Amino acid sequence: MKKILIIDDEQDILLMLRKMLERKGFDIDMASNGVEGIKCMRKYEPDLVITDIIMPEKEGLETIREMIKIKADLKIIAMSGGGKVSAESYLKIAGMFGASKALTKPFSMKEMLGAVTELLEE
Amino acid sequence: MDMTKSLIRNIFRMNLLGLPSSGRDDWSLNSLTLNFTGNIKKYEIDFRNDFFNRSLNPFRVSLILGIIIFGIFAFLDAILFPELKGILWFIRFGIITPLLVLVLVFSFTSGFKKYMQLALSAIMFLTGLGIIAMIIVTARRADHYTYYAGLILVFIFGYAFIKARFIYASIAGWSIVLAYEIAAIWMSDTPIEILLNNNYFFISANVIGMFIAYSMEHSARRDFYMRNLLEKEKEKVQDANITLEKRVNQRTRQLTAANKDLKNEIEMRQQQEREKAKLEDQLIQLQKMETIGTLAGGIAHDFNNILTPILGYTEMALDELGEDDVLKSDIEQISSAATRGKNLVQQILTFSRQMDFDKKPLNLENIIMEVLKLIRATLPSNIEIRQDLNTDTGTVLADETQMHQIIMNLCTNAYHAMKDGGGVLSVCLDNEEVDSRSLKGTAKIQKGSYVKLSIRDTGHGMDKRTQERIFEPFFTKKEVGSGTGLGLSVVHGIVNNYKGSVVVNSEPGKGATFIIYLPRHKEEFEKAS
């Protein structure tokens with residue numbers, strides 16, 4: 001069973017994604033910020049990480065960079081609803097830092113599942 | 001010596017004759033000849049000419065009077081000396097009267113001017129000699145001395161009436177006295193008491209006569225001098241008047257010019273004030289938009305986070321439900337509302353310039369044609385579309401979707417403005433070189449080459465207040481439900497993002513024109529030129 005780590009400071013999004021992905025048969029762990037996310041990653045050793053960009057404690061871009069340092073071939077999906085800069089800009093940078101896919105919030109179930117399936121099937 | 005000199009000077013200064021002075025410092029006369037001296041010496045010739053002109057007629061009148069009176073005395077000759085009247089009348093009418101008449105005739109010739117004073121002293125002296133002759137004749141034959149009074153009359157005439165100058169009259173007067181002395185002493189045995197008596201009268205008459213002549217000439221000279229001064233003062237006053245008038249004219253011209261300058265300056269100031277006020281309005285507008293933009297960015301982030309679980313759960317729920325489930329349509333409603341929310345956030349983001357777009361050189365003409373094709377299908381038949389597109393405008397560096405969006409937006413607004421009454425929708429595309437002067441009204445636009453897109457409707461138009469607010473987000477004049485009110489603020493946001501400008505010209509009832517300036521793409525521009 002493939003393991004997915006979801007990082008987001010929004011509890012609603014965490015729960016929604018967990019439900020969505022568990023229904024498709026994935027094993028899920030969750031973290032609510034970057035610091036916590038990196039701890040989980042070391043312990044849990046997920047196949048895929050889905051992370052938000054703008055978060056407290058440690059934000060997404062830095063988290064992605066550190067994770068890639070720990071595990072170079074880690075598959076990461078970055079997601080963002082934008083902020084001071086547009087979601088697209090964040091996600092472009094996320095891609096440069098090592099994220100495999102980027103999704104703008106709100107995404108459709110199809111988009112998310114499509115991305116997850118694509119990355120895990122490789 | 002010095003004391004004597006100053007004493008003499010003081011005696012003259014004391015003005016012993018009591019004559020009025022001119023009151024001027026440069027007034028100075030020779031005490032004996034009465035000629036002008038010192039600073040006013042130059043007036044002497046003028047004075048003599050003037051004096052001649054003034055005294056010519058009085059001289060003739062007094063001479064005629066003298067001839068008549070002299071003639072009348074012939075009766076006295078006849079009464080007093082009937083036996084001597086022959087010789088007396090010979091002297092009277094044979095010598096003296098013809099002499100006087102000759103001088104009278106001479107006075108009508110041009111040469112008289114030069115010799116007048118000489119002629120005057122001559123006739124005075126010769127008449128005196130005539131009288132002396134008569135005195136001698138009457139004294140010898142009749143032992144009679146009363147004709148000496150005649151000499152006194154001669155003195156009176158000579159000094160006071162015939163206008164002889166003081167110096168000439170004096171010489172003639174004293175010559176007569178001398179001639180009398182010679183005649184009385186050597187040509188007749190005049191008794192000493194008669195001689196004494198006559199001399200008393202003659203000398204007295206002479207002195208009085210001199211005094212009179214002196215006064216008269218002095219007055220004449222003073223009058224002349226004063227007239228002269230007056231004339232000069234008058235000229236000065238006239239000169240001053242002319243100068244003053246010139247200066248007044250000059251000043252008036254200067255004032256008029258200054259006034260004109262001032263008016264221009266006031267106008268310029270007012271213009272500047274108006275432009276400043278306009279710029280301030282635009283600045284405030286810009287700041288407002290920026291604040292709203294920042295706010296919108298924050299709201300968009302939160303909204304996206306909220307919408308993510310809503311959409312996710314809705315989709316999962318729909319996935320679970322069978323095709324005929326009663327909840328399906330309800331949940332579909334939620335999904336559709338959430339999707340609308342998602343779109344709204346996208347619009348807010350567009351407006352707040354937080355989306356990065358794919359900029360590339362675009363030919364607006366193609367996009368306009370595409371939009372018009374779409375619009376034409378939806379427009380009612382009472383709205384006509386006119387297009388005037390310059391095919392050689394060059395390109396703008398922009399995102400195609402956004403260009404599509406702003407043109408669509410403005411065309412839709414134009415359609416809404418003409419929905420009820422119909423009209424004409426005109427779309428023009430052209431180039432414009434913007435320099436600092438033509439910037440009036442177009443905010444925050446730099447000098448350079450622009451592609452200018454005008455979209456004009458003939459609809460209901462709008463007032464100034466509305467024009468000021470149309471670019472604010474959520475401002476709408478449409479009925480509730482027919483638009484978000486974001487359209488024009490999105491247009492504003494996009495155009496500003498490309499360093500362009502949107503200008504609106506409108507009046508209530510007269511339609512509206514939206515003009516969009518977008519910088520012409522440089523590379524393309526250079527290639528073209």
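The structure displayed is predicted, hence computed values, not measured ones.
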Flag if over 12 foreign heavy atoms under 6.0 Å of CD, B:Q333: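 For B:Q333, atom CD is not crowded (no more than 12 foreign heavy atoms under 6.0 Å).
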For the NZ atom on A:K39, are there more than 12 heavy atoms of other groups (residues, nucleotides or ligands in this structure) within a distance under 6.0 Å?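 No, the 6.0 Å shell around NZ holds no more than 12 heavy atoms from other groups.
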So [Y] and [X], do their side chains get closer than 4.5 Å, heavy atoms only?
| X | Y | value |
| --- | --- | --- |
| A:M67 | A:T51 | no |
| B:K452 | B:I515 | yes |
| B:V491 | B:I516 | yes |

Report the residue from A:I76, A:L74, A:V116 that forms a side-chain contact (heavy atoms from CB on, under 4.5 Å) with A:L48.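 Of the listed residues A:I76, A:L74, A:V116, the side-chain contact (heavy atoms from CB on, under 4.5 Å) partner of A:L48 is A:V116.
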What part of B:L307 lies closer than 4.5 angstrom to a heavy atom of chain A: side chain, backbone, both or neither?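 For B:L307, the contact with chain A is made by backbone and side chain together.
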Report, in residue-number order, which members of residues 1-9 of chain A are under 4.5 Å from chain B by heavy-atom distance.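 If one takes a 4.5 Å heavy-atom cut-off, no residue of residues 1-9 of chain A lies near chain B.
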Heavy-atom cut-off 4.5 Å, strictly under: side chain, backbone, both or neither for A:S108 against chain B?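 Contact with chain B: backbone and side chain both.
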Side chain, backbone, both or neither: which part of A:L15 has a heavy atom under 4.5 Å from chain B?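 Contact with chain B: backbone and side chain both.
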In a table with atom names and distances, give each donor-acceptor pair under 3.5 Å that connects a side chain of residues 18-31 of chain A to protein atoms at least two apart or in another chain.
{"residue": "A:R23", "atom": "NE", "partner": "B:E320", "partner atom": "OE2", "Å": "3.1"}
{"residue": "A:R23", "atom": "NH2", "partner": "B:E320", "partner atom": "OE2", "Å": "2.6"}
{"residue": "A:D27", "atom": "OD2", "partner": "A:Y44", "partner atom": "OH", "Å": "2.8"}

